[in-house]
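Before any comments, here is the structure.
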Number of protein chains: 2
Amino acid sequence: MTKFQAEIDVMPKKEILDPQGKAVTGSMKNLGLPEIQNIRIGKHVSLEIEAENEEVARQKVDQACKSLLANLIMESYTFTIEAV
Amino acid sequence: MTKFQAEIDVMPKKEILDPQGKAVTGSMKNLGLPEIQNIRIGKHVSLEIEAENEEVARQKVDQACKSLLANLIMESYTFTIEAV
């Protein structure tokens, strides 16, 4: 069994309004950083997984995203995996 | 002025207990994925910034992280920047 480290980003879908991101974009102006725009805020999840190979690890992380980490109605996810 | 896309991860520091991550690690067992361990959950922020060059963009994103996006007592951040 090999240990892999997965780094997952779960973000609100483009079509979905992101009120937290909008609010923080407004705050950037007040902070003197008006050149920062279009902020979107989601989750970052890091985890370790033991699996026979990278393909199996990738499938299991995908299953974890679909069943628990992301709400596929409102969010999309991407992830990277590497052996540690 | 060039437009850059920044991708920022804000994570709870290693020394800090991450109760949300611990809870989700427990749920993985119930989901039939006990090989997933050590889950830590933070924020992912994506934003656009206009700047003269990458160095200036990097400094401004760093300033935004320090002053608003991350709580440096409990969280650490990393980011990548690329021109779009």
Side-chain angles (χ1 to χ4, degrees), chain A residues 1-12 14 18 20-52 56-70 75-81 84, chain B residues 1-12 14 18 20-52 56-70 75-81 84:
Chain A
M1 300 288 263
T2 317
K3 192 174 265 187
F4 297 89
Q5 176 79 32
E7 300 292 334
I8 305 161
D9 289 328
V10 180
M11 297 298 287
K14 284 218 175 61
D18 173 14
Q20 194 187 0
K22 277 257 183 301
V24 175
T25 305
S27 301
M28 287 295 171
K29 278 204 192 72
N30 304 334
L31 266 177
L33 292 167
E35 54 274 72
I36 292 182
Q37 290 289 326
N38 272 341
I39 304 182
R40 292 186 77 79
I41 301 183
K43 282 178 291 187
H44 183 82
V45 182
S46 73
L47 57 83
E48 289 173 11
I49 178 166
E50 290 207 342
E52 298 88 65
V56 173
R58 195 169 287 278
Q59 279 170 13
K60 295 206 162 163
V61 171
D62 199 63
Q63 187 188 339
C65 289
K66 286 204 169 73
S67 54
L68 189 61
L69 299 174
E75 297 170 323
S76 59
Y77 63 90
T78 54
F79 63 87
T80 58
I81 277 188
V84 286
Chain B
M1 300 288 263
T2 317
K3 193 174 265 186
F4 297 89
Q5 176 79 31
E7 300 292 333
I8 305 160
D9 290 327
V10 180
M11 297 298 288
K14 284 217 175 61
D18 173 14
Q20 195 187 0
K22 276 256 184 301
V24 175
T25 306
S27 302
M28 288 295 170
K29 278 203 193 73
N30 304 334
L31 266 177
L33 292 165
E35 55 274 74
I36 292 181
Q37 290 289 324
N38 273 340
I39 303 182
R40 293 185 78 79
I41 300 183
K43 281 179 292 188
H44 183 83
V45 182
S46 72
L47 57 82
E48 289 173 13
I49 178 167
E50 289 207 343
E52 298 89 65
V56 173
R58 196 168 287 278
Q59 279 168 15
K60 295 206 164 163
V61 171
D62 200 62
Q63 189 188 337
C65 288
K66 285 204 169 72
S67 54
L68 190 62
L69 299 175
E75 297 169 325
S76 60
Y77 64 90
T78 55
F79 63 86
T80 59
I81 277 188
V84 285

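All heavy atoms count here, side chains included; hydrogens, waters and symmetry mates do not. Bear in mind the structure is a predicted one, so any value in this text is a computation, not a measurement. In what follows, chains are A, B, ... by sequence order, proteins preceding strands, each numbered from 1.
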Review point. For A/I36, is it the side chain, the backbone, both, or neither that has a heavy atom closer than 4.5 Å to a heavy atom of chain B?
Key: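 Answer is both: backbone and side chain atoms of A/I36 are under 4.5 Å from chain B.
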
**Study point:** Partner of A/I39 by side chain to side chain contact (heavy atoms under 4.5 Å, CB included), out of B/L47, B/L68, B/I49
**Key:**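 Testing A/I39 for a side chain to side chain contact (heavy atoms under 4.5 Å, CB included) against B/L47, B/L68, B/I49 leaves exactly one candidate, B/L47.
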
Point to revise | Heavy-atom proximity to chain A below 4.5 Å, by part of B/I8 | key: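 No part of it gets close to chain A.
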
Point to revise | Proximal component of B/M1, with respect to chain A [non-hydrogen, under 4.5 Å] | key: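 For B/M1, there is no contact with chain A at all, as no heavy atom is under 4.5 Å.
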
Highest number of heavy-atom pairs under 4.5 Å with chain B: which of [options]?
{"options": "A/D9, A/I41, A/V10", "value": "A/D9"}
{"options": "A/S67, A/A64, A/S46", "value": "A/S46"}
{"options": "A/H44, A/Q63, A/Q5", "value": "A/H44"}

**Study point:** Best-contacting candidate, B/N38, B/L31, B/V24, against chain A by heavy atom pairs under 4.5 angstrom
**Key:**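 Option with the top pair count is B/N38.
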
Exercise for review: Output the option from B/Q37, B/Q20, B/K3, B/M28 having the highest count of non-hydrogen pairs under 4.5 Å with chain A.
Suggested key: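 Sorted descending by pairs with chain A, the first entry is B/Q37.
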
Nearest-0.5 Å distance, [atom1] of residue [X] to [atom2] of residue [Y]:
{"X": "B/T25", "Y": "A/E48", "atom1": "OG1", "atom2": "CD", "answer": "10.0 Å"}
{"X": "B/S27", "Y": "A/L69", "atom1": "OG", "atom2": "CG", "answer": "9.5 Å"}
{"X": "B/K43", "Y": "A/K43", "atom1": "NZ", "atom2": "NZ", "answer": "13.5 Å"}

